[in-house]
Structures are given as C-alpha cells and as structure tokens.
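What follows is one structure encoded as structure tokens, with my remarks underneath.
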Amino acid sequence: MIASTSSDSTDGLRRVRRALLSVTDKTGVVEFARGLSKFGVKLVSTGGTWSALRAGGLEVQEISGLTGFPEMLDGRVKTLHPKVHGGILHIRGNAEHMASVEEHGIEPIDMVVVNLYAFEKTAGKPGVSFAEVVENIDIGGPSMVRSAAKNFGDVAVVTSPSDYDAILAEMTETDGSLGYDTRWMLAKKAFAVTAAYDSGIATALEAVETPAGKAKFVDDALPPVLRVVAPLQQALRYGENPHQTAGLYADGSGKGVAGGKQLQGKELSYNNLVDLDACWELVTEFDPSEAVVAIIKHTNPCGAAAGTTVLEAYTRALEADPISAFGGVIGINREVDGAAAEEIAKLFVEAIVAPSFTPEALERFAAKKNLRLVQIDPVKTKRVIKQISGGYLVQDADRKSVTEAELQVVTERAPSPEEMKALLFSWTISKHVKSNAIVYGRYAEGFGQTVGIGAGQMSRVAAAEFGAQKAVLPLAGCVAASDAFFPFADGLEVVAKAGATAVIQPGGSVRDADVIAAANKLGVAMVFTGVRHFRHG
C-alpha cells in the first residue's frame, strides 16, 4: 500500500487557501476561479489565464508578484521558481520542510490548476514548422503538475475542466477543503496526463528527420516504439456481447467517431461505434460535391449510393437491400436536410452519422427518441492498430484509390463510359467490404449504386454467388468489383452469368490469361487496378 505523503490520516481534509491557475483550455476556468474565491481562496495566475480571470472581474495575483521575477525568455520561464515549486512540494506535517519554507518566505500553494499546451494538435497541423512544434513543448506546466501530484497528500492538482464542478461541490460540503481520496484521484489523473503528454512528444519527434540540420516530418515512418495513450472517454454498457466489458478511449483530438458529438438518442454501444466508424470511413471516400449514403450492417455495407441530394442517395442505397437495412447504421457524407430526414425516419435504424444536420432534420428526428444522431468533425485515420496475442499489428490505413487513367483494360472490349463510372464506384465500395468481397453495382440516372454485395465468404466464387443471391434490383447490365484477383475463371463466370457486363479486379494471378480469355469469350469488359483491397477485420 502506498503511504500518504502527509502526516495526516488518509481520510484527512486539506483546506485550500491558495490556488495557482495556468491553463491552455480555458473552458470554465473563470467560473471555477469564481467558485474558489467564495471560499476565500487566493488566486495566482500566469499570462493568458491571468488576463482571463482579471477580465472576469476576479482579484488575482500575477505569477511575477509571487516569485519576485518577471516572466522571462518569451514566457519560457515563469513558474520554474522555488517560490512556486517550494510552495507546492513542501510536506505540511514535516517540521524541517515547514521551517525551510518559512525561512525563505515561501507561501503554500494548496491547489494547482493546469492543463497543457495542445502539443499534438500543433504537431498535426498541415505544414507546421519544426520550430513551432518544439516551441509548443510545455516545460513549466508538466513540472507543476508532477510536483502537485507527487505531493497529493497536501495539494490538489486539477488537470481537466470536467472536474471543476465536482471539486466545488465537495468544497461546499467541507467549507473549502478537499479529502484525501479526491486528492489521490486527481493525482492519478495528473500522472496519466503527463505520461500521455510526454508520449505524444516522443512519438511526434520520432517521425522527424534532420538531414543537413533541416528538420522534416516523415509521415510514413513506423514508430520505433508503439505508444498508445488515450484516456477513457466513456464506459460502455458492454462490448460486442453483454458478458464483455467495454469502454471508449479517445485520442483527445475531438475529431472522428471517437470525438463525435451525439445530438440525441440512447447511449452509443460498442457495436454502434464500430459500425459508425465503418460507414463514416466509406462515405468520406467520396467528395461531398455529390451526396453519398451508406447503410451498414455488422461493418459491411448492405447498400450504398450517390445522388444529387441526400434524399436521392438514401433512396437508392435503401432500395439496394431494404431487408438488411432494418436496424442498421447510416453514414452520410454531407449535411442532412429535412427532406432526407423525413424519409430516413420511416426506417428503423440504430444510428446516423453525418458532418451536420439542419434544424429541420433535427426536428424531424426528435420524434424518434432512441435514434442516435452523431455529428462528426472529419479526420483521416493514419494507422490501423490491431491487438494479437502477445503484441500488436500496425499498418497504414488503406487510403489507396485509383483513377480511370490508372486502369489497364485487358479484354478485347473496353468498358463503356457508363460501365467505367459504375466500375470505379463499385471498386471504392469493395474496399469497405470484408474479404472475400464481390460488389455488384450500376450507374443509374447519373450516379453510382450498389446492386448486390457478397461479403466475408471463404471463397471468391461463394462471394460472387452470395452477392447475386442478395440482389433485389435487376443484375442485368450491372458491373462487378472484386477486392482481390480471380484465381480461376470460375468466379468471373459466376458474375457474368449473374448479369455483369464489366469487371474490375486487381489482376496478378498466375492464371490471369485464363480469366481474360474467359472474359473475352463471354463478351465481358475487364480492367485491372494493380491494387487489391483485402479487409480481414
């Protein structure tokens, strides 16, 4: 058992008489400081935080008034001073410590309120300079956090605005004091904050080369050490099944599905989040200049389509497989309007993810109280991490796409312009279907639409057969996309028999010549991408 750093018993209260506040995220800090002042807490602050508190009408001492030194070196040195760290680190029950601080005129600091420079956000900015990255490495902040956390027996350290209300509530009950358990809880959070912060710095700087004294970021370099540090954002009801515990951990960027803003509905489940991520990754493959809707079931699309409006795209996606769509998750690549919401609301779905919703859409969805609406600030996933027994697998996210100019026509007949558009659309969808994958698609009324999807089959022939069996819309005149090459001609023959007139596949099989010959015999146009899109999980 870890012993208390104070002479008091472990249930002892500590009165907060002086608090030092220095925060990057100023959310709620003025209100928090105002609450502290009501208990007679003296406030000390730095730079922008001091200005914010003063603007809020609070009496606050500038850090230079406490230390007797001005902020120096463009703000690099302001809290690195014995009157700061001595005030934090001395143990109140230690007679020698107390004599030392009294001799040097050091005033106790009983609470440290600090959150750190947004280093990872700075490092992740497009075109950011190396000098700017280095300048955003916080020194004084982590030092104060560590000092306060180490001396949690006497000092409270507050690193998140989410704790402000609970702290003030406890101080109200204890006449301005905080208990040991609270200080220990805050200390553990603080050490996690500094660990994550240092990890972020190390990871970012490992991706920097400095040839000839000039620094540059190397985005495609695998990190020598895999560091995954993410705080628990939300405990989930359970995992994939009720007997499994689960939680959502976020990277702190506030972007992507983990950083999504839930606008209404029941609590998101583990399976909801997995499916939301799958459909969001799919629809963001397409430029928002055309609306794209994907309906996902168990991470696989059961229908996907484009259109001039969200309503058009949704209608086409639904008609591809209306039975499987029941109880699914919907991803939309642009703002959802009232007309689309009116139609979508007729179907039972678990969740909808989009970049935004109009007031009319929100009003229409409000009647479906259990429907989860999630608004997302887009971000491109850089790497995929998968845990295996004894370790982790890391790979770049599959961001490869192909253009018409990159395709190789390998048959006597080339695809028609309409077939080519359908092929490219279906190929993009196939990237998001579990292997083995066959996607039947078409180009109808100027937009791409899936017709049938064969997902996750053990053989490519079975995927082709299953996709055709699942088709609700006519297959005659459709195209087919295969996520990997046809190892034999039998798979091609199945899609041709189903009604496909053109095929897109990677090529690269030792029997490519046999497959091409079969395509020519069947009058099927075929193109090779030179790229495969295996998706194993």
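By convention here, the first residue in the shown sequence is residue 1. FYI, side chains are in, hydrogens and waters are out, and symmetry mates aren't considered; it's all heavy atoms of this structure.
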- Item | Qualifying residues under side-chain contact (heavy atoms from CB on, under 4.5 Å), relative to His97, sequence neighbours excluded | His90, Ile91, Asn94
- Message: If the condition is ring pair (Phe, Tyr, Trp, His ring centres under 6.0 Å), which residues does Tyr270 pass it with, not counting sequence neighbours?
- Response: none
- Message: I'd like to know if the side chain of Ser356 pairs up with that of Gln375 as donor and acceptor (distance under 3.5 Å, no hydrogens or angles considered).
- Response: no
- Closest heavy-atom contact between Gln264 and Leu371? NE2-O, 3.0 Å
- Task: Among residues two or more places apart or on two chains, list those pairs meeting salt bridge (Lys or Arg N to Asp or Glu O under 4.0 Å) that have a residue in residues 264-278.
- Result: none
- Heavy-atom side-chain proximity of Gln262 to Leu268 below 4.5 angstrom: yes
- Task: Determine the minimum heavy-atom distance between Asp377 and Lys255, stating which atoms define it.
- Result: OD2-NZ, 2.9 Å
- To the nearest 0.5 Å, how far apart are CD in Glu240 and NE2 in His298? 10.5 Å
- Message: For Gln233, give me all partners under side-chain contact (heavy atoms from CB on, under 4.5 Å), at least two apart in sequence or on another chain.
- Response: Leu248, Ala250
- Query: Val23 and side-chain contact (heavy atoms from CB on, under 4.5 Å): which partner among Val114, Val113, Thr159?
  - Reply: Val113
- Message: My understanding is that only residues two or more places apart in sequence, or in another chain, count here; which of them pass side-chain contact (heavy atoms from CB on, under 4.5 Å) with Ala304?
- Response: Ala294, Ile429, Thr450
- Message: A side-chain contact here means heavy atoms from C-beta on lying under 4.5 Å apart; do Val158 and Met111 qualify?
- Response: yes
- Task: For Ala33, enumerate each residue passing the side-chain contact (heavy atoms from CB on, under 4.5 Å) test, keeping only those at least two apart in sequence or located in another chain.
- Result: Leu21, Leu43, Leu53, Leu58
- Query: Would Lys189 and Ser160 count as having a side-chain donor-acceptor pair, cut-off 3.5 Å?
  - Reply: no
- Between Leu186 and Asp163 the two heavy atoms that sit nearest each other are CD2-OD2, 3.8 Å
- Message: Salt bridge or not between Arg146 and Asp198? Use side-chain N to carboxylate O under 4.0 Å.
- Response: yes
- Item | Summary of ring-ring contact (aromatic ring centres under 6.0 Å, His included) pairs that have at least one residue in residues 13-50, sequence neighbours excluded | Phe32-Tyr164
- Query: Tell me, which pairs form a side-chain hydrogen bond (donor to acceptor under 3.5 Å, both in side chains) where one or both residues lie in residues 282-296, sequence neighbours left out?
  - Reply: Glu285-Lys431, Glu285-His432, Asp287-Ser289
- Query: Going by heavy atoms in the side chains, are Cys302 and Phe326 under 4.5 Å from each other?
  - Reply: no
- Message: Is any side-chain heavy atom of Val310 closer than 4.5 Å to one of Arg334?
- Response: yes
- Is there any ring-ring contact (aromatic ring centres under 6.0 Å, His included) pair reaching into residues 353-394, and which pairs are they, with sequence neighbours excluded? none
- Item | Sequence neighbours excluded - salt bridge (Lys or Arg N to Asp or Glu O under 4.0 Å) pairs with any residue from residues 341-354 | Glu342-Arg364, Glu343-Lys346, Glu350-Arg372
- Item | Sequence neighbours excluded, every pair satisfying ring-ring contact (aromatic ring centres under 6.0 Å, His included) that has a member inside residues 224-259 | none
- Note on the structure: What one should report as the nearest heavy-atom pair of Val384 and Ala397 is CG2-CA, 4.0 Å
- Does any pair with a residue in residues 17-26 pass salt bridge (Lys or Arg N to Asp or Glu O under 4.0 Å), and if so which ones, sequence neighbours excluded? Arg18-Glu107
- Query: Tell me, do Leu226 and Val394 make a side-chain contact under 4.5 Å, heavy atoms counted?
  - Reply: yes
- Query: Are Asp175 and Arg15 ion-paired here, with the side-chain N under 4.0 Å from a carboxylate O?
  - Reply: yes
